[in-house]
Amino acid sequence: MKYQVAIIGGGPAGYTAAEAAGKAGLSVVLFEKQNLGGVCLNEGCIPTKTLLYSAKTYDGARHASKYAVNVPEASFDLPKIIARKQKVVRKLVLGVKGKLTAHNVAIVSGEATVIDKNHVQCGEETYECENLLLCTGSETFIPGIPGIDTVPYWTHRDALDNKELPASLAVIGGGVIGMEFASFFNSLGVQVTVIEMLDEILGGMDRELSAMLRAEYAKRGINFMLSTKVVSVAEASVEDGQPQIQVNYETAEGAGSIVAAKLLMSVGRRPVTKGFGLENLNLAKTERGNICVNEQMQTSVPGVYACGDLTGFSLLAHTAVREAEVAMHTITGKKDAMSYRAIPGVVYTNPEIAGVGETEESLQKKGVAYRAVKLPMAYSGRFVAENEGVNGVCKLLLAEDDTVLGAHVLGNPASEIITLAGMAIELKLTAAEWKKIVFPHPTVGEIFKEAL
């Protein structure tokens, strides 16, 4: 069987590219060994946000009196929360499949192996292609901590399907995944401890706002252990018939340990580079082992493209989608180029934290002159109306010529308004040019205009 486009991986990059190819009238085959939608749709972005929304709704019910609404006995049903999450995922997976089918994409279930740049094998069949897109995504990274193979730990996948709340939870890794699960379980009453090797949570996000978010969750009862290295884990004494897990650590002050009912490993993810014949292409790689691509997502082998986590630029679904668009535009002869100038990053805690463009730390590292403008979120009337007793901050980073370089927001709904700043950064607008845009009133997004 011969196709103009063959795609390995049915996650955000893969299904976006497949749909675009189908819309363009190209013959396309998409290989996926698990479920359409990839990690993002099945065990990442969507299911975690579904759980977090339930937790946020529960938080809202518990604190409804702030808004003169009485909810006598707010409660939650964890099995039903998990069931709703599964329903949402099923609905969206079927939606992806429906769109691909509507555009005549051939979907092949199974493990695909690259023979060469023009041939892919899956099962007993060999498929010929003119263009090959590699969209294999990423996988959970489990560090070689002594004892990790002897204890029953959770990955994000296990945490998503758990239907019983643990009395306590130790989270190794204070990045985005770790903080979102810490937020979820904290809202439901679990005693959470976050252990982070770095001296601040959410590495890569704005440091000042990350510290403010940490302080907020510390007030809610989360115990943060920063600059802490986990040296080993082991099963501890049994409590109420359930084994406990002991986490041994080292800090500048010395060694210590904590005990928790459950352990969540969330130290990060790494691109999937093995198991699909990548070595048969002999592609150029970066020092870190990621696939080298140009601005059109072309690899060192003509006709072979890499999109999404495999490139190592940004392990985010929205980045993967844009990379796939660029790759398909290149294949169909449309001029396009990938830009990483304004890739938003969001942590869906409550409150949310979001950023786009440069951070103060990245600008200082590059030696770029800038000025920071900070404004409390209380300058937005809509924010005050909807966030009783809650603080937040908006920070803009401007170049010497007042071009917008970065924007960072702590406060709901940061995830929804950060795109406004992303557009300004991508278009290289100055503060004066951005300020000319008419913002609807009252909206939380007006905070950017207030800060300029």
Please find the pair of heavy atoms, one from [X] and one from [Y], that lie closest to each other, and give the distance.
| X | Y | result |
| --- | --- | --- |
| Ala342 | Pro344 | O-CD, 3.3 Å |
| Ile343 | Ser314 | CG2-OG, 3.9 Å |
| Cys292 | Thr286 | SG-N, 3.5 Å |
| Ser362 | Glu358 | OG-OE1, 2.5 Å |
| Gly174 | Ile201 | O-CB, 3.4 Å |
| Ala354 | Val346 | CB-CG2, 3.9 Å |

Could you give the distance from [atom1] ([X]) to [atom2] ([Y]), rounded to the nearest 0.5 Å?
| X | Y | atom1 | atom2 | result |
| --- | --- | --- | --- | --- |
| His318 | Glu323 | NE2 | CD | 10.5 Å |
| Asn294 | Ser300 | CG | OG | 10.0 Å |
| Glu216 | Ile222 | CD | CD1 | 10.0 Å |
| Asn186 | Leu169 | CG | CG | 10.5 Å |
| Trp434 | Ile425 | CH2 | CD1 | 7.0 Å |
| Asn162 | Phe181 | CG | CZ | 10.0 Å |

Go through the steps to decide whether Glu360 and Arg207 satisfy the test salt bridge (Lys or Arg N to Asp or Glu O under 4.0 Å), and finish with yes or no. CA-CA 8 Å; Glu360 289 198 70; Arg207 185 180 177 86; over 6 Å; no
Looking at [X], I'd like to know if its [atom1] atom is crowded, meaning that more than 12 non-hydrogen atoms belonging to other residues, nucleotides or ligands lie closer than 6.0 Å.
| X | atom1 | answer |
| --- | --- | --- |
| Tyr370 | OH | yes |
| Lys428 | NZ | no |
| Lys49 | NZ | yes |
| Tyr53 | OH | no |
| Lys97 | NZ | no |
| Met212 | CE | yes |

For [X] and [Y], indicate whether the former's side chain and the latter's backbone hold a donor-acceptor pair under 3.5 Å.
| X | Y | value |
| --- | --- | --- |
| Thr228 | Leu226 | yes |
| Tyr340 | Phe313 | no |
| Glu352 | Ser415 | yes |
| Glu196 | Leu198 | yes |
| Thr101 | Gly98 | no |
| Asn70 | Ser65 | no |
| Glu32 | Gly10 | yes |
| Thr311 | Cys307 | no |
| Asn387 | Val390 | no |
| Thr16 | Ala13 | no |

Hey, are the side chains of [X] and [Y] touching, using non-hydrogen atoms and a 4.5 Å cut-off?
| X | Y | result |
| --- | --- | --- |
| Tyr305 | Val293 | no |
| Phe383 | Pro376 | no |
| Met328 | Leu133 | yes |
| Ile177 | Arg269 | yes |
| Ser227 | Thr251 | no |
| Leu209 | Val393 | yes |
| Ser187 | Lys56 | no |
| Val233 | Tyr153 | no |

Polar contact flag, side-chain donor to acceptor under 3.5 angstrom, [X]-[Y]:
| X | Y | result |
| --- | --- | --- |
| Glu426 | Ser339 | yes |
| Ser380 | Glu446 | no |
| His408 | Asp206 | no |

Does the cation-pi check pass for Arg214 over Tyr217, that is, NZ or CZ under 6.0 Å from the six-membered ring centre and within 45° of its axis? no
Check the pair Met225, Thr193 against side chain to side chain contact (heavy atoms under 4.5 Å, CB included), reporting the backbone distance first and the verdict last. CA-CA 7 Å; Met225 302 176 65; Thr193 298; 3.7 Å; yes
Looking at [Y] and [X], is there a salt bridge between them, counting it only when a charged N and a carboxylate O are closer than 4.0 Å?
| X | Y | answer |
| --- | --- | --- |
| Glu361 | Lys365 | no |
| Asp309 | Arg270 | no |
| Asp336 | Arg322 | yes |

Where do Leu188 and Leu78 land on the side chain to side chain contact (heavy atoms under 4.5 Å, CB included) test, with the steps shown first? CA-CA 9 Å; Leu188 300 190; Leu78 185 56; 4.2 Å; yes
Verdict with supporting geometry, Leu396 and Leu405, side chain to side chain contact (heavy atoms under 4.5 Å, CB included): CA-CA 8 Å; Leu396 298 180; Leu405 298 176; over 6 Å; no
Candidate pair Glu250 and Lys229, rule salt bridge (Lys or Arg N to Asp or Glu O under 4.0 Å), full reasoning: CA-CA 5 Å; Glu250 290 179 352; Lys229 180 181 179 181; 5.6 Å; no
If you apply the rule salt bridge (Lys or Arg N to Asp or Glu O under 4.0 Å), what do you find for Lys374 with Glu208, and how did you get there? CA-CA 11 Å; Lys374 290 188 291 184; Glu208 181 182 13; 2.7 Å; yes
Less than 3.5 Å apart, which donor and acceptor atoms pair up between the side chains of residues 19-31 and the rest of the protein, not counting sequence neighbours?
from  : atom 1 : to    : atom 2 : distance (Å)
Glu19 : OE2    : Lys23 : NZ     : 3.4
Ser27 : OG     : Gln4  : N      : 2.9
Ser27 : OG     : Gln4  : OE1    : 3.4

Going through the checks in order, is the salt bridge (Lys or Arg N to Asp or Glu O under 4.0 Å) test met by Lys85 and Asp161? CA-CA 9 Å; Lys85 178 265 299 183; Asp161 291 330; 2.6 Å; yes
Report the C-alpha separation of Leu452 and Asp402 in whole Å, then their side-chain angles, then the decisive distance to 0.1 Å, and conclude whether the side chain to side chain contact (heavy atoms under 4.5 Å, CB included) test is met. CA-CA 10 Å; Leu452 293 171; Asp402 261 7; over 6 Å; no
